[in-house]
Protein chains: 2
Amino acid sequence: MKKEKYHHGDLKKALIDSGRNILRKEGITALTLRSAARAAGVSHSAPYAHFADKQDLLAAISTQGFLDLQGRLTLSIEKYQNSPRDLLIETGWSYIQFAMSEPACFKLMFSGILEDEHAHPEFMSAVRKTYQMLVNVVATCQKTNVLPAGSADETAVAVWSLVHGFVALHLERQFPGTILEKHKLKELFANSLGLLMTA
Amino acid sequence: MKKEKYHHGDLKKALIDSGRNILRKEGITALTLRSAARAAGVSHSAPYAHFADKQDLLAAISTQGFLDLQGRLTLSIEKYQNSPRDLLIETGWSYIQFAMSEPACFKLMFSGILEDEHAHPEFMSAVRKTYQMLVNVVATCQKTNVLPAGSADETAVAVWSLVHGFVALHLERQFPGTILEKHKLKELFANSLGLLMTA
DNA sequence: GAATAAACTTGACATTGTCAAGATTATTTT
DNA sequence: AAAATAATCTTGACAATGTCAAGTTTATTC
């Protein structure tokens, strides 16, 4: 019933969504400027009205990914705010679930969009906000002795490194099957993170 | 002085080396089948005598990357075998130095070559051997109470996740400048890894 | 030495990112 | 409201890429 209009309405958003869906269904190799344009129902050059080049679209998709990740983290943080030990594990687990639910998008988000620092400021700001959420979680855990005292910044680096490395290596199938058979993944993760917590 | 021969001699190795050099000097976007062929001084289709497709060349380059990484780890392991605390930190630091010395290659190694398990067996075996070296280091550290007792496999997962995540996030500039200014990188890493060690 | 296989070249094709020029619609200015 | 301008989108082109088919040159095998 929709009129075939020359102007799309919100092509920028449509291209980001289309790109995200292509990532979900067909992976990174299928995500081209032209495939995103096709999926949005416009010509192959239409994206250039909204994005400087392909990198610029990828940065926008990554930014949207960070926003969605922040949404998931927020849910966990609110749900477990009264139980710091669960807070840490469940927030980390949310990070991992996001990565596993959209692996191609997750990999894109951490695949070198940031060549020069000022090229994509809104991406950068999404990255920084995500980090800040983690620092807050860590600080909360430190106050209740779930994590050792000390600089929250430094401790957050350790925690985030472990969580991120865990899911990155898992997505790349770097862990041998033998160890994955012995555990449920969440248990393996919780045990790993447990090593950082105070006994 | 070299004769212009029709047959190259060892084109397979030459293509892997050329590809590696392109990664070093110009990054992943410059690494194409054709650019590697050009750098090796052969025609654009010559690689197909040795590699099934581009993925196959990338897998071979990644495999070589893992072998070089193993070399670096071996040096640290031999050097610090009598001092378990240094052993852990210095081996992890070697991993990080490798990643920072060849970031494009390092990212390629962990960027999804493994779609199906049996496509690249020699790559898989290099991956497994690298993991095994880490497990051995961890087991050594456990025997001397530098790391908590328990399954060496599980502890290695935690250690590797932290080390890998640390350098992956650093390469992607995910850590804010504020924290990097306060520390030397190695110190920040050692502090992070220290949280996993027994006090 | 002939036959066969391996290594390499040449030429082609569809796809991609990108640009230039033009067409259509929205917005602003008068 | 009409005109001018800007924004959005289309069409057409170009070089570069991955890949294949066919042919050429060299090495290996019988």
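Numbered from 1 within each chain, the chains take letters A, B, ... in sequence-line order. No hydrogens, no waters, no symmetry mates; every other heavy atom, side chains included, goes into these values.
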Atom-pair distance (CG on A/D53; C1' on C/dG17), nearest Å: 9 Å

Closest non-hydrogen atom pair, B/E154 against A/S192: O-OG, 4.3 Å

Shortest side-chain distance from A/R34, nucleotide among D/dC20, C/dT16, D/dC9: C/dT16

Atom-to-atom span, CD of A/E26 to P of C/dT16 - whole angstrom: 11 Å

For atom CG of B/L11 and atom P of D/dT25, their distance in whole Å: 19 Å

Least distance between heavy atoms, B/V138 atom then B/A156 atom: CG2-CA, 3.8 Å

Comparing B/H44 and A/S35 on DNA chain C - which has the more 5′ nearest nucleotide: B/H44

Nearest atoms (heavy-atom pairs only) where B/L87 meets B/I77: CD1-CA, 3.7 Å

B/H50, nearest nucleotide to its side chain (from C/dT9, C/dT10, C/dA7): C/dA7

Nearest-angstrom distance from the residue atom NZ of A/K54 to P of C/dT18: 8 Å

Side chain of B/Y48 (C-beta onward), nearest among C/dA12, D/dT10, D/dG18: D/dG18

Between C/dC8 (P) and B/L15 (CG): distance, integer Å: 9 Å

For atom CG of A/L57 and atom P of C/dG17, their distance in whole Å: 10 Å

Sugar-phosphate only, base, or nothing, as touched by A/S45 at under 4.0 Å among non-hydrogen atoms: base

Side chain of A/R38 - closest among C/dT16, D/dT10, D/dT19: C/dT16

Side chain of B/S43 (C-beta onward), nearest among C/dT9, D/dT8, D/dT19: C/dT9

Between D/dT17 (P) and B/L31 (CG): distance, integer Å: 11 Å

Verdict with reasoning, B/M197 to B/I89, per side-chain contact (heavy atoms from CB on, under 4.5 Å): CA-CA 10 Å; B/M197 302 192 216; B/I89 288 176; 3.4 Å; yes

Side-chain donor/acceptor of B/S101 to backbone N/O of B/F98, under 3.5 Å: yes

Distance, rounded to the nearest Å, where A/D10 contributes CG and D/dT8 contributes P: 10 Å

Options D/dC9, C/dG17, D/dG18, nucleotide nearest the side-chain atoms of B/T32: D/dG18

